[in-house]
There are 2 protein chains.
Amino acid sequence: MTVTETETTGASADSCAGPPQGDRRPDGEDRYTISEVVALTGLTAHTLRWYERIGLMPHIDRSHTGQRRYSNRDLDWLALVGKLRLTGMPVADMVRYAELVRSGDHTYTERFDLLQRTREDVLSRIAELQGTLAVLDRKISFYADAGRALASERTR
Amino acid sequence: MTVTETETTGASADSCAGPPQGDRRPDGEDRYTISEVVALTGLTAHTLRWYERIGLMPHIDRSHTGQRRYSNRDLDWLALVGKLRLTGMPVADMVRYAELVRSGDHTYTERFDLLQRTREDVLSRIAELQGTLAVLDRKISFYADAGRALASERTR
DNA sequence: CGCTTGCCTGGAGTGCACTCCAGCGTTCTA
DNA sequence: TAGAACGCTGGAGTGCACTCCAGGCAAGCG
């Protein structure tokens, strides 16, 4: 038994990286040009090619003339990458994760650990941001008070 | 009437950027060397000097031989900068804020707006991170399930 | 057929936020 | 009082994540 396909076919973990994010074609007709992927993801064509060069993407299918044709599965992967990027995860770490996925089943625990660590990072970053929010709120209310004081000053 | 001093003396908005963060000396004896500030803030001496060069710090007091001597107020400012940095605010924007503080009372509304915008940014970044967390949790439970499946496979 | 548009490649360039260096003066400790 | 440790400056270098460039192929259109 293997469960690798469920990871790489987009039928499971990788496919749940967000809402359908519209304008996809059904599987089977999913051969997007690079500019379509630009429109769907918000990344630039440069960045998409660069992701491929550094090993952050699997090898992308090509047309008979050598142009890239992205699949729905590639879009799923890009959606996950986008999410991981939001966490501040370095690109090198995402490449590492991509390598693990490529290497097959025996990397499951390693992937699990990496995700778990990332999860912890996200939690602590959220906590940091909430601390910052508290500071901002204090300063904002300070300025609001100061503004009122100056306003009442002017009307006196 | 002016309220600027309350902003710049550290008696108010700037001073509430966090807990006392220990080992400070009382006001009056607050002439920290750069290495003391390194220990207190976690920044490097290089970074502290660089912050000063780019206008992110007010002019720092000097000893008779030209060495920097930081005050408690400077530490307060650095604490705020640290918090703003956590939000992902670009250094250039923090420099802008520093300039506003230096320019005096008439920049109050501008500072207020800047802080408010930053607050909104922080809120949406928190939301983003929570979305990412949801994705991570789904993937993590996928791997946990897969791990269990593989384990029961081995014992069968 | 020529023209525009889209895509390809390897490699160089950019912007940000530091980070380090050389060369020198000052301060502390044994 | 010698040596280590600390600090100073201007300017160069680093690492990351893109971003752009030059030069060229291929497809679609009037």
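This structure is a prediction, so every number in the text was calculated from the model and none was measured. Residue numbering restarts at 1 for every chain, and letters A, B, ... go by the order of the sequence lines.
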Name the nucleic acid region contacted by A:Arg68, choosing base, sugar-phosphate or nothing; use a 4.0 angstrom heavy-atom cut-off, strictly under. sugar-phosphate
Do the non-hydrogen side-chain atoms of A:Gln130 and B:Ile126 ever get within less than 4.5 Å of each other? yes
In terms of heavy-atom contacts, B:Met94 and B:Val81 come closest through SD-O, 3.8 Å
To the nearest 10 degrees, what angle separates the axes at the start and end of the helix from C:dC1-D:dG30 to C:dA30-D:dT1, five pairs each? 0°
So among A:Arg31, A:Arg69, A:Arg73, A:Arg68, which one has a salt bridge (charged side-chain N to carboxylate O under 4.0 Å, His left out) with A:Asp61? A:Arg31
Looking only at side-chain N and O atoms, does B:His64 come under 4.0 Å of OP1 or OP2 in D:dG7? no
Do B:Asp121 and B:Thr87 touch side chain to side chain, with heavy atoms closer than 4.5 Å? no
Specify the residue among A:Leu43 and A:Gln67 whose closest nucleotide of DNA chain D lies further upstream toward the 5′ end. A:Leu43
Phosphate OP1/OP2 of C:dC18 contacted by B:Tyr51 side-chain N/O (<4.0 Å): yes
Check every strand shown and say whether A:Arg69 touches a base, only sugar-phosphate, or nothing at a heavy-atom separation below 4.0 Å. nothing
Upstream residue (5' side of DNA chain C) when B:Gly88 and B:Thr65 are each assigned their closest nucleotide: B:Gly88
B:Val38 side chain near B:Thr44 side chain, heavy-atom distance below 4.5 Å: no
Need to verify one output field. Residue with the more 5' nearest nucleotide on DNA chain D, B:Arg49 or A:Ala92? B:Arg49
Would you find a donor on one side and an acceptor on the other, under 3.5 Å apart, between the side chain of B:Thr47 and the backbone of B:Leu43? no
